[in-house]
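Both backbone and side-chain heavy atoms feed into the values below; hydrogens, waters and symmetry mates do not. First listed ligand is number 1; within each ligand, the first listed atom is number 1. Note that the structure is predicted; figures quoted are calculated from it, not measured.
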Amino acid sequence: MCGIIGAIGCAHAAEILLAGLKRLEYRGYDSAGIATADASGFAVRRAVGKLSNLASTLESEPLSGETGIGHTRWATHGGVKVENAHPIIADARVAVVHNGIIENHRQLRRELTAKGAVFTSDTDSEVLAHLFAEAIDAGGGLAEATASVLAQIEGAYAFAVMAQDFPHELAIARQASPLAIGLADGAMFVGSDALALGDVSERIIFLKDGDYGVLTQDAAALYDAEGRKANREIVAISASPGLVSKEGYHHFMEKEIHEQPDVALHSLGAFQDAEGRLHLPWDVDFAAMKGVAYLGAGTSYLAGLVGRYWMESLADLPVAVEIASEFRYRQPAMSQINLALGISQSGESLDTLMALKYAGEKGADTGALVNVASSTMAREAKHVLLTRAGVEVGVASTKSYMAQLVVLLILAVVAGHQRGVINDKLRREMEVMLASLPRLLGASMACIDAIKPIATYLARVNSCLYLGRGVLYPVALEGALKLKELSYIHAEGYAGGEMKHGPIALIEEGLPVVALLSDDNHFPKMLSNIVEAKARGAEIILIATESAITKAENEAETITKMKVSVPDCNPLLAPMVLSLPIQQLAYQTATQKGTDVDQPRNLAKSVTVE
Ligand code: M6R
């Protein structure tokens with residue numbers, strides 16, 4: 001993921017910025033750069049590859065100045081080349097570092113070019129630099145220029161901007177991508193996270209979505225999305241070199257849940273070209289395949305179950321989803337498995353590693369869908385698909401699961417297109433639909449308040465059922481797993497249609513049943529399952545899209561008092577959008593019970609033994 005750093009009022013800004021970029025390295029990047037301002041104007045140094053390349057460039061061509069911005073870039077729009085590395089400079093007077101995607105950049109680029117702007121990169125970010133130049137020319141201060149630019153852009157962003165006309169100021173803003181300010185005596189800093197600021201400041205302001213402002217060396221003038229002056233809390237952090245911080249959240253898990261819109265954005269961006277078209281960094285011929293196997297453990301296995309629905313419906317390609325520890329010992333039939341994909345956050349789960357190895361030995365092509373690029377699985381598999389979730393500290397998978405889902409859906413779309421199941425038009429529609437996901441996830445985050453009283457109720461129960469149908473069945477399994485591992489409450493997930501075949505016997509007065517519902521082809525049958533459970537005394541907790549709730553209430557008026565609604569979405573995106581409330585429900589229930597949320601008992605983040 002891209003990383004941003006900025007400084008004002010530092011004697012050797014470039015050195016401080018380079019140190020900040022080093023602390024952002026964990027996010028992953030493929031190019032980096034720094035720009036500073038001194039009396040003679042702007043100067044920029046950029047390099048592709050490791051930060052050591054940028055450091056060498058700075059050694060041979062040092063930068064002076066007390067104000068500067070720096071960036072580590074993970075290429076999304078525009079390939080990995082120096083011209084696309086940030087900071088991006090327009091007209092030698094505005095320099096921009098940006099994290100996120102400006103969704104309407106093509107239209108803005110056309111308009112700006114028509115007005116005479118000369119673009120030097122392929123990035124969406126460059127429109128920001130030209131928009132700032134235009135807004136500054138219109139008069140007013142840097143804050144007004146920022147407000148004017150924000151009114152024109154759509155998408156997700158965190159950015160920092162230097163302008164020649166305002167040599168002692170930095171403009172900043174965030175929407176869906178994180179940004180934090182670091183305060184120090186006589187100096188001010190900005191960074192993507194507290195980790196980046198850890199060695200320069202122990203007083204941090206985490207910007208809220210929609211915030212923007214102007215920094216000087218001793219003040220931060222901040223405004224909210226409506227342009228009102230904003231006073232944001234200053235959080236004291238202790239310098240913890242090398243450690244990822246909680247950034248003001250109570251737990252890493254809480255922070256990681258909140259990062260998911262950004263994670264989805266970066267996971268998508270990594271598989272999109274400049275036109276927003278999906279591509280895979282693989283030379284894999286899905287058209288010739290008879291079948292694939294998804295191998296994983298825990299949440300990664302459940303992500304595979306969701307992925308099967310997509311691969312089979314969009315690509316007509318059979319998928320065997322296997323619990324890794326079972327797969328390698330049961331002599332599975334391999335003649336119809338052309339590709340085995342190990343799904344793993346850590347890339348180190350021994351069960352999955354060994355299952356993948358076994359599949360390779362039996363003649364399958366091997367792929368790794370992992371979050372850690374340097375992991376064993378990534379090194380050993382023939383093909384690698386990286387998720388862009390960033391470091392996940394909480395033992396419970398949240399954002400890495402989200403990133404896995406995004407990539408598995410992309411995989412199904414690309415495979416479906418290769419196999420002729422999806423035509424060009426449909427593929428384009430799916431690309432557009434996928435682009436809406438970060439925004440939908442951001443909107444789903446609003447469910448937190450509705451979940452609080454439900455968590456209070458669940459924290460007192462001993463047992464709970466989760467129900468779903470279709471692609472929401474594995475999401476029900478994931479909901480039950482999250483509740484179990486975090487709050488130690490017994491929970492089971494079932495396919496709604498299975499209830500009558502046995503589990504309905506468990507239902508007695510007051511048993512909580514978490515029902516997942518979206519307005520898809522399963523709606524009528526799932527609603528019947530909910531009504532059946534309610535008729536036997538279950539306390540229904542309905543987690544559903546807005547229109548599914550309305551429909552359900554029209555058809556079965558007193559269905560429940562406990563409900564959580566998320567925005568309507570294409571049913572293909574429902575597993576992601578509905579995963580946010582189930583994670584929140586488990587998180588809040590666990591915090592109410594006072595369990596160790598980030599390190600639940602008996603669990604390790606990465607299971608490297610059998
Ligand atoms: O690193 P992996 O994705 O291979 O880990 C697999 C499981 O151990 C992991 O998903 C585990 O189930 C989590 N605790 C779930 O929250």
*Return the option from T299, L302, L481 holding the heavy atom at the smallest distance from atom 11 (C) of ligand 1.*
T299
*Considering only heavy atoms of Q345, which atoms of ligand 1 have at least one such atom less than 4.0 Å away?*
1 (O), 2 (P), 3 (O), 4 (O)
*Establish, from distance only, whether the side-chain atoms of T299 and K482 form a donor-acceptor pair under 3.5 Å.*
yes
*asked:* Could you check whether any heavy atom of V395 sits closer than 4.0 Å to an atom of ligand 1, since that is the contact criterion I want to use?
replied: yes
*Can you figure out which of G347, A303, S346 has its heavy atom closest to atom 1 (O) of ligand 1?*
S346
*So which of E348, E392, E485, Q404 gets nearest to atom 16 (O) of ligand 1, if we judge by its closest heavy atom?*
E485
*Mark up the atoms of ligand 1 that fall under 4.0 Å of a heavy atom belonging to K482, in ascending order.*
15 (C), 16 (O)
*Side-chain donor-acceptor pair present, Q345, S300, cut-off under 3.5 Å*: no
*Between the candidates G296, S400, S300, G298, which shows the shortest non-hydrogen contact distance to atom 12 (O) of ligand 1?*
G298
_Within ligand 1, which atoms have a heavy atom of S349 less than 4.0 Å away?_
1 (O), 2 (P), 4 (O), 5 (O), 6 (C)
*Between the side chains of Q583 and T398, does any donor sit under 3.5 Å from an acceptor?*
no
*For atom 9 (C) of ligand 1, state which one of P600, S344, S397 supplies the nearest heavy atom.*
S397
_My understanding is that only residues two or more places apart in sequence, or in another chain, count here; which of them pass salt bridge (Lys or Arg N to Asp or Glu O under 4.0 Å) with E431?_
R427, R428
*In terms of the angle between their ring planes, are H251 and Y587 parallel, tilted or perpendicular, with boundaries placed at 30° and 60°?*
perpendicular
*Taking only residues two or more places apart in sequence, or in another chain, which ones meet K563 in a salt bridge (Lys or Arg N to Asp or Glu O under 4.0 Å)?*
E553
*Only one of L481, L465, L477 clears side chain to side chain contact (heavy atoms under 4.5 Å, CB included) with E492; which?*
L465
